[in-house]
Amino acid sequence: MKSKIILALLATAIAGSALAQVKPEDAIKFRQSGYAFMSWNMGKLKAMLVDNPASYNKEQAIAAANLIAATANSGMGALYVPGSDKGKGWKETRVKPELFTDRDAVGKVAMAFNKEANELAKVAATGDAAALKVQFGKVGEACKGCHDKFRKDE
């Protein structure tokens with residue numbers, strides 16, 4: 001587990017240095033796109049697990065969960081470059097300034113989200129819809145933890 005965390009942090013650092021050249025408005029677009037795609041996949045899981053359980057499809061659930069985990073592990077933290085706390089990507093950023101100053105809290109919510117997203121992919125692979133629904137709720141809570149602290153309301 002420790003080696004995974006170290007590798008994730010190293011990948012983020014490498015990606016961060018590569019993305020240092022990214023203009024703030026592009027960084028905002030990239031992260032907005034990533035979160036939108038992840039949200040769409042969360043919506044697919046919600047439709048199958050909460051709204052209409054009869055529509056559950058193991059392969060689609062696995063694909064959605066894998067995408068969420070892949071996005072969580074993609075190093076998106078590197079897209080929070082200086083100057084991207086304000087401005088417009090596809091729309092105005094909703095990032096609160098605290099995301100750029102409260103590194104300890106950011107680290108906690110990021111690690112919580114990554115942990116739950118990775119577990120989501122593992123649980124989805126089992127095909128157990130009831131267990132996946134429980135884990136889906138945990139991912140949603142991890143998302144909410146970041147949103148409540150670091151995202152402005154629309």
Side-chain angles (χ1 to χ4, degrees), residues 1-16 18-19 22-81 84 87-96 99 105-154:
M1 180 68 168
K2 259 188 177 175
S3 62
K4 283 186 179 181
I5 293 170
I6 291 169
L7 287 173
L9 292 172
L10 181 59
T12 301
I14 291 168
L19 287 171
V22 174
K23 294 186 284 186
E25 60 270 17
D26 289 338
I28 295 168
K29 282 182 184 178
F30 296 154
R31 66 184 190 230
Q32 286 174 344
S33 297
Y35 290 125
F37 194 52
M38 195 165 30
S39 175
W40 178 63
N41 281 277
M42 287 289 286
K44 291 193 302 185
L45 287 174
K46 181 180 179 288
M48 284 188 269
L49 299 169
V50 178
D51 299 338
N52 184 10
S55 71
Y56 176 75
N57 178 293
K58 179 182 174 183
E59 289 74 29
Q60 289 178 8
I62 290 170
N66 285 342
L67 178 281
I68 293 163
T71 305
N73 291 293
S74 69
M76 281 184 53
L79 293 172
Y80 291 90
V81 297
S84 70
K88 189 172 182 174
W90 302 113
K91 60 183 181 178
E92 285 295 319
T93 186
R94 294 190 295 162
V95 173
K96 290 181 180 177
L99 188 126
V106 170
K108 286 178 186 173
V109 297
M111 292 301 289
F113 175 69
N114 282 19
K115 174 187 174 284
E116 299 302 345
N118 287 328
E119 188 63 24
L120 184 74
K122 288 179 190 172
V123 173
T126 71
D128 183 340
L132 184 58
K133 182 178 178 181
V134 170
Q135 186 57 34
F136 173 78
K138 291 178 181 180
V139 172
E141 285 300 312
C143 292
K144 185 179 181 330
C146 186
H147 292 186
D148 288 351
K149 225 174 173 47
F150 298 113
R151 187 176 79 168
K152 299 173 197 169
D153 292 332
E154 280 192 285

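Everything numeric here is computed off the predicted structure, so don't read it as measured data.
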Quick note, side-chain hydrogen bond (donor to acceptor under 3.5 Å, both in side chains) partners involving residues 53-67, not counting sequence neighbours, are none
Rounded to the nearest 0.5 angstrom, the NZ-NE2 distance for K96 and H147 is 11.5 Å
dist K108:NZ -> C146:SG (nearest 0.5 Å) comes out at 14.0 Å
Looking only at heavy atoms, the pair that brings A69 and A117 closest together is CB-O, 3.5 Å
Between the CE atom in M42 and the CG atom in L49, the distance rounded to the nearest 0.5 Å is 9.5 Å
- Message: Quick check: do I28 and K88 have side-chain heavy atoms less than 4.5 Å from each other?
- Response: no
Residues 34-44 vs side-chain hydrogen bond (donor to acceptor under 3.5 Å, both in side chains), sequence neighbours excluded, gives Y35-Y80, N41-K44
D153 meets the salt bridge (Lys or Arg N to Asp or Glu O under 4.0 Å) criterion, sequence neighbours left out, with none
### Contact check, side chains of E154 and K91, non-hydrogen atoms, under 4.5 Å
yes
For K149 and A105, the nearest pair of non-hydrogen atoms, with its separation, is CE-CB, 3.5 Å
When every non-hydrogen atom of V22 is compared with those of D26, the smallest separation belongs to CG1-CB, 3.7 Å
Correct closest heavy-atom pair for I62 and A124 would be CG1-O, 3.3 Å
Rounding to 0.5 Å, atoms NZ (K29) and CG (L79) come to a distance of 13.5 Å
Rounded to the nearest 0.5 Å, the CZ atom of R94 sits from the CZ atom of F150 at a distance of 15.5 Å
Stepwise, does the side chain to side chain contact (heavy atoms under 4.5 Å, CB included) test hold for M48 with L45?
-> CA-CA 5 Å; M48 284 188 269; L45 287 174; 4.2 Å; yes
Could you go through the side chain to side chain contact (heavy atoms under 4.5 Å, CB included) check for M38 and C143 one step at a time?
CA-CA 11 Å; M38 195 165 30; C143 292; over 6 Å; no
Residues at least two apart in sequence or cross-chain that pass salt bridge (Lys or Arg N to Asp or Glu O under 4.0 Å) with R151, listed by chain then number, are none
Checklist entry - Counting only heavy atoms not in K152, do more than 12 sit closer than 6.0 Å to its NZ atom? => result yes
Between N114 and A72, the two heavy atoms sitting closest are OD1-O, 3.0 Å
Sorted by chain and number, sequence neighbours left out, salt bridge (Lys or Arg N to Asp or Glu O under 4.0 Å) with K46 holds for D51
Let me have the donor-acceptor pairs involving side chains of residues 129-140, under 3.5 Å, with sequence neighbours excluded, atom names and distances please.
| residue | atom | partner | partner atom | Å |
| --- | --- | --- | --- | --- |
| Q135 | NE2 | E116 | O | 3.0 |
| Q135 | NE2 | E116 | OE1 | 2.7 |

